[in-house]
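I am attaching a structure below and will ask some questions about it afterwards.
Protein chains get the first letters and strands the later ones, always in sequence-line order, with residue 1 at the start of each.
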Amino acid sequence: MALMSSYERFYEVVRRVPRGRVTTYGTVAREAGLPGRARQVGYAMAALPDDHDVPWHRVINAKGEVSTRAGGHAFERIQRKLLEAEGVRFDERGRISLEDFSWP
DNA sequence: CTAGTGACTGTTT
DNA sequence: AAAACAGCCACTA
């Protein structure tokens, strides 16, 4: 696997995020060797194929919140539920403590 | 080719 | 603490 698209690089990084931890878009870009491309990470997540094995729900924004998306809040609700099921705790404002849960 | 858009972020108001 | 700004760049029309 010599050549990988930037999307595939992002997916590989997200696959390394352990259960019960979260990481940010900017961190994924940096770990993938493409610093400053946080927006592309979000774009890559939106473009995930149906048969992926990428824990996309562990990727949140730099504020520690689940990012909102165009179209509706259904996915955000699912994302939060998945994280809570892994033991990630949200505060009363719907934010995660990056101090406690961020990866690496 | 240009222009608009967006699962973002760090800095400055 | 929250909002505005300026970078960022692949994708689409």
dist A:L83:CG -> A:I78:CD1 (nearest 0.5 Å) comes out at 12.0 Å

Taking 4.0 angstrom as the limit, do A:E84 and A:K81 come out as a salt bridge? no

A:Y7 side chain: which of C:dA10, B:dA7, B:dT9 is closest? C:dA10

Could you grab the distance from atom NE2 of A:H57 to atom CZ of A:R80, nearest 0.5 Å is fine? 14.5 Å

Any non-hydrogen side-chain atom of A:I60 less than 4.5 Å from a side-chain atom of A:E65? no

Do any of residues 83-104 of chain A sit with a heavy atom less than 4.0 Å from DNA chain B, and if so which? none

Kindly indicate, with the supporting measurements, whether the criterion side-chain contact (heavy atoms from CB on, under 4.5 Å) is fulfilled by A:L34 and A:Q40. CA-CA 10 Å; A:L34 299 167; A:Q40 296 314 113; over 6 Å; no

Give me the distance, rounded to whole Å, that separates C:dA13 from B:dA7 when you measure between the C1' atoms they each carry. 22 Å

Measure the distance from NE2 on A:H73 to C1' on B:dA7 and round it to the nearest whole Å. 12 Å

To the nearest angstrom, the OH-C1' distance between A:Y25 and B:dG10 comes to 17 Å

With the threshold set at under 4.0 Å for non-hydrogen atoms, list the residues of residues 47-67 of chain A touching DNA chain B in residue-number order. A:W56, A:N61, A:A62, A:S67

Where do A:D53 and A:R15 land on the side-chain contact (heavy atoms from CB on, under 4.5 Å) test, with the steps shown first? CA-CA 8 Å; A:D53 60 339; A:R15 284 191 187 98; 2.6 Å; yes

Can you tabulate the close N/O pairs, meaning under 3.5 Å, that link protein atoms to atoms of nucleotides 7-9 of chain C?
{"unit_1": "C:dG7", "atom_1": "O6", "unit_2": "A:R39", "atom_2": "NH1", "d": "3.2"}
{"unit_1": "C:dC9", "atom_1": "O2", "unit_2": "A:Q40", "atom_2": "OE1", "d": "2.8"}

From CG (A:L98) to CG (A:D100), nearest 0.5 Å: 9.0 Å

Worked verdict on A:T24 versus A:V41 for side-chain contact (heavy atoms from CB on, under 4.5 Å): CA-CA 9 Å; A:T24 68; A:V41 175; over 6 Å; no

Just wondering, do A:F10 and A:L48 contact through their side chains at under 4.5 Å, heavy atoms? no

Separation of B:dT9 C1' from A:L34 CG (nearest whole Å): 16 Å

Rounded to whole Å, how long is the line connecting atom CD of A:Q79 with atom C1' of B:dA7? 8 Å

What is the distance, rounded to the nearest whole Å, between atom CE of A:M45 and atom P of C:dA10? 16 Å

Would you please test A:Y11 and A:H52 for side-chain contact (heavy atoms from CB on, under 4.5 Å) and show each step? CA-CA 9 Å; A:Y11 298 155; A:H52 67 78; over 6 Å; no

Under a 3.5 Å distance rule, please check whether A:Q79 uses its side chain to pair with a backbone N or O of A:V59 as donor and acceptor. yes

Using a 4.0 Å heavy-atom cut-off across all strands, classify A:S6 as base, sugar-phosphate, or nothing. nothing

